[in-house]
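The model shown is predicted, which means the values in this text are computed figures rather than measured ones.
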Amino acid sequence: MPRKSPIEQVRNVGIAAHVDAGKTTVTERVLYYTDKTYKIGEVDEGAAEMDWMELERERGITITAAATTVSWRDHRINIIDTPGHVDFTVEVERSLRVLDGAVVVLCAVGCVEPQSETVWRQADRYHIPRIVFVNKMDRVGADFFAAVSDLRDKLAANAVPMQVPVGAEDTFVGVTDLITLTPYIFDADSLGKNYDPISLYSLREERQAEIMAWRKNLLESLAEVDEAAMEAFLDGRELTQSELVAAVRRATLDYAIVPVFCGSALRNIGVQLLIDAVVDFLPSPADVPPVIGHKPGRKETDVRRAADDEPFSALAFKIMRDPYVGRLTFIRAYSGKRRAGATAFNTNTGKREKLGRLLEMHANDREDVEAVYAGDIVAVVGLKNTFTGDTLCDDKHPILLERIRFPEPVVSVAIEPKTKTDEEALNDSLAKLAEEDPTFKVRYDEATGQTIISGMGELHLDILTKRMTREFGVAANVGPPQVAYKETVSAVGRGEGKFVKPAGPKGQYGHVCLEVRPNPDGDFAFENRLSGGVLEKEYVAAAERGVRGALDAGVLAGFPVSGLAVAIYDGSSHPVESTPIAFEIAAQQAFREAMLKAQPELLEPYGTIEIMTPKDYVGDVINDLNGRRSEVIGMEHRADAEIIKAVCPIAETFGYATGLRSITQGRATYSLEFLRYDKVPKNIADHILRLTRGFVPEF
C-alpha cells in the first residue's frame, strides 16, 4: 500500500500552551474546519473531542496528550494536543521529542505565562520551529502587541507579526494578513467557516497606516535573517507573495523568526489562517535534520534520513491502555517503513517485537492502517516489552535513539487498599499507571510498611488515584501529600567497608574504601581513582552497583540521595573468596560510613509560583507568601491585575488554592512550577527527622 501523502506534504505538529489559554478549543476548531468532525466540541460543555477522558471532561482540562490526523490543502497534518497544566508536563515533553513543529497558544490577556515559558524551553531543547497563535482576542484587556512584546522580552524570541487584528475585545471581527495585505472578516452565522476578504482601503486611514507599518516591520525582519529578502530589500524590489511565503518559511525553519498570528477560537475567528500557516511555515519530516543515534554498545553515531528507502527506525514515546484493544504503544517513525504484522527489533531490550496492528488515532477512536512510513505517528497493538523511550528498528541495521528525559517527581502520598482483597489489584493498577506515566513512581517503604506513590503535584496524584478507581475498579485510602525530600552531603567524607563471610567451602570477601563529596552538577558521579591492578574491573563495577543501590535510602531519614560524587580510592581482594556480590555489600557499607562523615543534609523541592491578583489584595498575598517561607522575586502590572512572582518551598503550597481564594475573595489565580532542590532550614529539618525517625541524629 502506498503512503497516503508524500513526505513533503506531512506535518507533525504539537499544540501547546499555558493552562486555560484555549489550546484545546483551538484544536476543536481545527477538527471542525478540516471536516474531521461535523460539529464543534466545547470544552466548557464537556464535549471536546480531544478531551476524551471522563476526568478531562469533568474538570475542563487536558490531562493526557491526544493525537489526531487531519487533511488541509492536500497536506496530512498529525496533531498532538498537549496538556497545559504543569503537573502533566511529561505529556508535553514526550510529544515535543517526536514532533517536527509546534503551535504555541497564548492568551491575549495573560500573554506569556509560566507554563508558556516551560513549553518554550522544551521546544528550544528539541530545536523545534514554532509559530504562535495569540488567542482570546475578544476578551476584555486583550492586547495582541503586548503579547508580541512579551514574546520578545520574556522568551528572547524574534517574534514577527504575520497578522494584525481587525477590532479588539468585543469589536474583534477578523484579522489582516500582512503578506497579502488583505483584511478578513469572519462570519459568525457560519461558525467562522466563511471569512470574506475586504479592501484594505475600506479601513480608516490611520488603520491603514498602522497596517503598512507592521508590513514594513515584516519585510525588515526578513531582510535581517534571509539573504534573498535582503537582496530584494537593498534593490528596492517588492517580494512577490510566493517569495514572501518562502522567505518566512526559511526563516522559521532556521529558528531565525517566530511568526505570530491572532484570533479567537471560541468566536471562530482566525483558525483557518492558522492551519494555512502550519502548512506554509512549519517543517515536513523531510525538512528536519536526519535523526542521530548510536550503534548499540558502541560510541560511534549513526544517522537515519527521513526516507522510506532507509532502514526502519522509530521511537516509542507513549503507552496507553485502550478498553477495547488493550495496550497501545505510540511510535514516531523516523525512517523506513513497516507493515502491520511485521517484526521490529527493540534495541533497548535486545528482543524482537511483532507489530500486531497499526492504528491511526483520533483521540480514543482508531482506524487500522496497513503500514507505517517515515514521518508517521501511529499506535501499535501487540508490543509487550516496549516502553516509553525505547527504539524500534530493523535488526539488520540496529540503531539506538536518544531516550526521553523526564523530571523527577516532587510530591508523594501513602496509599493502601481499602480491603485486603484489593491489595493485588492495587499493585497491578499502580504498575500499569507507572508504565504509562514515567513521572509517576511507586515504591515500598520498608521502614513504615507503606506503599508510596510520587508525582509532579497534588493534581497529578489526585487524577491518577481517581483513574485507578474508575478504570481499574480499585478502591484505596490515600494519605495527605508530602514533598519528595532528598539527602545530600555538604563536605568530604571517607568510609571503609569490608565484607568477610565464610560460606561453605568458599567464603565471601570484599574490601572497598570510598570518598564522598558534593557534586556541583547536582547529579551522581562515580570515579575510579585506583592505581592499576589494585582491584579487577569486575569488582570496581560491582562496587559502583553497590553505591548506586544505596542511593535509594540515605543516612538521615531514608530519603533518596543525590547531588554527590563518589570515588573509590582503595580496596583489596582475595584470590579465591572475592565475589562481585561481596564488593557490592562492602561498597554499601563504605558509602554509608562516608556519608555520615560528610555532613549529610536534607533537600526539599522549591517552585516558582506566579499569582495574578487584583491590586487591592497584593499586600495580603505577599504577607501570606512570607509566612510560607517564600521569597518574592518580582512584580509586574498586567491589564487590570498585578502579577506576583515568588520562589516557594513546595511543602508550603499544599492547599494553597483554598487559602488564596480566601484571601482574595476568589478573584486571584496562581500557577506553580518546579524550580530546584535546596537545603531545608535546620529547624524544619529537625522537625522532619523527628517525624520520620523519632529523634535528630548527631554527626
Visitor: Check this for me: does any side-chain nitrogen of one of K318 and E91 sit under 4.0 Å from a carboxylate oxygen of the other?
Guide: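 Salt bridge between K318 and E91, a charged N being under 4.0 Å from a carboxylate O: yes.
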
Visitor: Compute the centroid of each ring, for Y195 and then for Y184, and state whether the two points are separated by less than 6.0 Å.
Guide: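 When the ring centroids of Y195 and Y184 are compared, they turn out to be within the sub-6.0 Å range.
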
Visitor: Could R332 and F330 be counted as a cation-pi pair, given that NZ or CZ must be under 6.0 Å from the ring centre and within 45° of the axis?
Guide: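 Pair R332/F330 does not count as cation-pi.
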
Visitor: Find out whether K23 and T82 are in side-chain contact, i.e. whether some heavy atom of one side chain is under 4.5 Å from a heavy atom of the other.
Guide: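 When only atoms from C-beta onward are counted, T82 and K23 do touch, with a gap below 4.5 Å.
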
Visitor: Could you tell me whether the side chains of T68 and H362 share a donor-acceptor contact shorter than 3.5 Å?
Guide: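 Yes, H362 and T68 have a side-chain donor paired with an acceptor closer than 3.5 Å.
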
Visitor: Please report the C-alpha distance between E113 and S671 in whole Å, then the side-chain angles of each, then the deciding distance to 0.1 Å, and finally whether the side chain to side chain donor-acceptor pair (under 3.5 Å) criterion is met.
Guide: CA-CA 9 Å; E113 297 178 87; S671 61; over 6 Å; no

Visitor: Does one side chain, of T180 or Q241, offer a donor that lies under 3.5 Å from an acceptor on the other?
Guide: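 Not at all, the side chains of T180 and Q241 share no donor-acceptor pair under 3.5 Å.
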
Visitor: Using only heavy-atom distances, determine whether the side chains of D81 and T24 contain a donor-acceptor pair under 3.5 Å.
Guide: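 On atom types as modelled, these side chains qualify, holding a pair under 3.5 Å.
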
Visitor: Quick one: does V134's side chain get under 4.5 Å of V260's, heavy atoms only?
Guide: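 In contact.
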
Visitor: Is NZ or CZ of R130 both nearer than 6.0 Å to the six-membered ring centre of W120 and within 45° of the ring axis?
Guide: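 R130 over W120 ring: yes.
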
Visitor: Indicate the atoms forming the closest heavy-atom contact of G174 with I269, along with that distance.
Guide: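 Looking at all heavy atoms of both residues, the shortest contact is CA-CG2, 3.8 Å.
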
Visitor: Side chains of P259 and T252, heavy atoms from C-beta outward: is any pair under 4.5 Å?
Guide: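 A side-chain contact exists here, since the closest heavy-atom pair is under 4.5 Å.
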
Visitor: Is a donor from one side chain sitting under 3.5 angstrom from an acceptor on the other, for T240 and E243?
Guide: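 Note: T240 and E243 side chains meet the donor-acceptor criterion.
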
Visitor: Charged N to carboxylate O under 4.0 angstrom, K466 versus E471?
Guide: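 Here K466 does not pair with E471 in a salt bridge, since their nearest N and O are not under 4.0 Å apart.
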
Visitor: Considering all heavy atoms of both residues, which atom of L181 and which atom of L200 are nearest to each other, and what is their separation?
Guide: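 That closest heavy-atom pairing would be O-CB, 3.8 Å.
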
Visitor: Are any of the side-chain nitrogens in E610 or K645 under 4.0 Å away from the carboxylate oxygens of its partner?
Guide: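 Looking at E610 and K645, the cut-off is met.
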
Visitor: What are the two closest heavy atoms between R215 and L178, and how far apart are they?
Guide: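 Heavy atoms only, the tightest pair is NH1-O, 2.7 Å.
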
Visitor: Applying side-chain hydrogen bond (donor to acceptor under 3.5 Å, both in side chains) between T69 and each of T34, D376, N78, report the one that passes.
Guide: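 Going through T34, D376, N78 one by one, the side-chain hydrogen bond (donor to acceptor under 3.5 Å, both in side chains) with T69 is satisfied by N78 alone.
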
Visitor: Please report the closest heavy-atom contact between A668 and I611, naming both atoms and the distance.
Guide: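 Closest approach of A668 to I611, heavy atoms only: CB-CG2, 4.5 Å.
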
Visitor: Hey, is D100 close enough to R11 for a salt bridge, meaning N to O under 4.0 Å?
Guide: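 No, D100 and R11 are not salt-bridged.
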
Visitor: Answer yes or no: is there a donor N or O on one side and an acceptor on the other, between the side chain of S190 and the main chain of N194, under 3.5 Å?
Guide: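 Yes; judged by distance alone, with no hydrogens or angles, the pair exists.
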
Visitor: Is the shortest side-chain heavy-atom distance between M137 and V173 below 4.5 Å?
Guide: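 SC-SC contact between M137 and V173 ruled out.
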
Visitor: Flag yes if more than 12 heavy atoms outside K154 fall under 6.0 Å of its NZ atom; otherwise flag no.
Guide: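 Check passes, neighbour count above 12.
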
Visitor: For the pair R29 and N268, evaluate side chain to side chain donor-acceptor pair (under 3.5 Å) and give the outcome as yes or no after the intermediate values.
Guide: CA-CA 7 Å; R29 269 54 182 183; N268 311 306; 2.9 Å; yes

Visitor: Output the distance between atom NZ (K36) and atom CG (L31), rounded to the nearest 0.5 Å.
Guide: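 Answer for the NZ-CG pair, K36 versus L31, is 8.0 Å.
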
Visitor: Should the pair D226-R250 be classified as a salt bridge under the 4.0 Å nitrogen-to-oxygen rule?
Guide: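 Salt bridge flag = yes for R250 with D226.
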
Visitor: Take atom CD of E227 as the centre, draw a 6.0 Å sphere, and report whether it contains more than 12 heavy atoms from other residues, nucleotides or ligands.
Guide: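 Count not over threshold, so no.
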
Visitor: Is the shortest side-chain heavy-atom distance between D74 and S5 below 4.5 Å?
Guide: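 Side-chain contact under 4.5 Å: no.
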
Visitor: Are the side chains of L315 and V98 in contact, using a 4.5 Å heavy-atom criterion?
Guide: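 A side-chain contact under 4.5 Å exists here.
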
Visitor: Could you go through E370 and R357, starting from their C-alpha distance and side-chain angles, then the distance that decides it, and tell me whether this counts as salt bridge (charged side-chain N to carboxylate O under 4.0 Å, His left out)?
Guide: CA-CA 8 Å; E370 293 185 14; R357 291 170 63 190; over 6 Å; no

Visitor: Around atom CD of E205, are there more than 12 heavy atoms from other residues, nucleotides or ligands closer than 6.0 Å?
Guide: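 For E205, atom CD is not crowded (no more than 12 foreign heavy atoms under 6.0 Å).
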
Visitor: Flag this pair as yes if the NZ/CZ of K193 is under 6.0 angstrom from the six-membered ring centre of Y32 and inside a 45 degree cone about the axis; otherwise no.
Guide: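 Yes; both conditions hold, so K193 lies above the ring face of Y32.
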
Visitor: Side chains of I131 and M162: closer than 4.5 Å at any heavy-atom pair?
Guide: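 Counting from C-beta outward, I131 and M162 never come under 4.5 Å.
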
Visitor: Can you name the nearest heavy-atom pair linking A316 to I331, along with the distance?
Guide: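 Between these two residues, the closest heavy atoms are CA-CG2, 4.0 Å.
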
Visitor: So, taking the atom named OH in Y126 and the one named CD in E93, what distance separates them when rounded to the nearest 0.5 Å?
Guide: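 If we round to the nearest 0.5 Å, Y126:OH and E93:CD are 3.5 Å apart.
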
Visitor: Heavy-atom distance under 4.5 Å between the side chains of V13 and L282, does that happen here?
Guide: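 Yes, close enough: below the 4.5 Å cut-off.
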
Visitor: Using the side-chain hydrogen bond (donor to acceptor under 3.5 Å, both in side chains) criterion, which residues pair with R267? Sequence neighbours excluded.
Guide: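 side-chain hydrogen bond (donor to acceptor under 3.5 Å, both in side chains) check on R267 returns nothing, list empty.
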
Visitor: Check for me whether the distance between the ring centres of F144 and W214 falls short of 6.0 Å.
Guide: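 No; W214 has its ring centre 6.0 Å or more from that of F144.
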
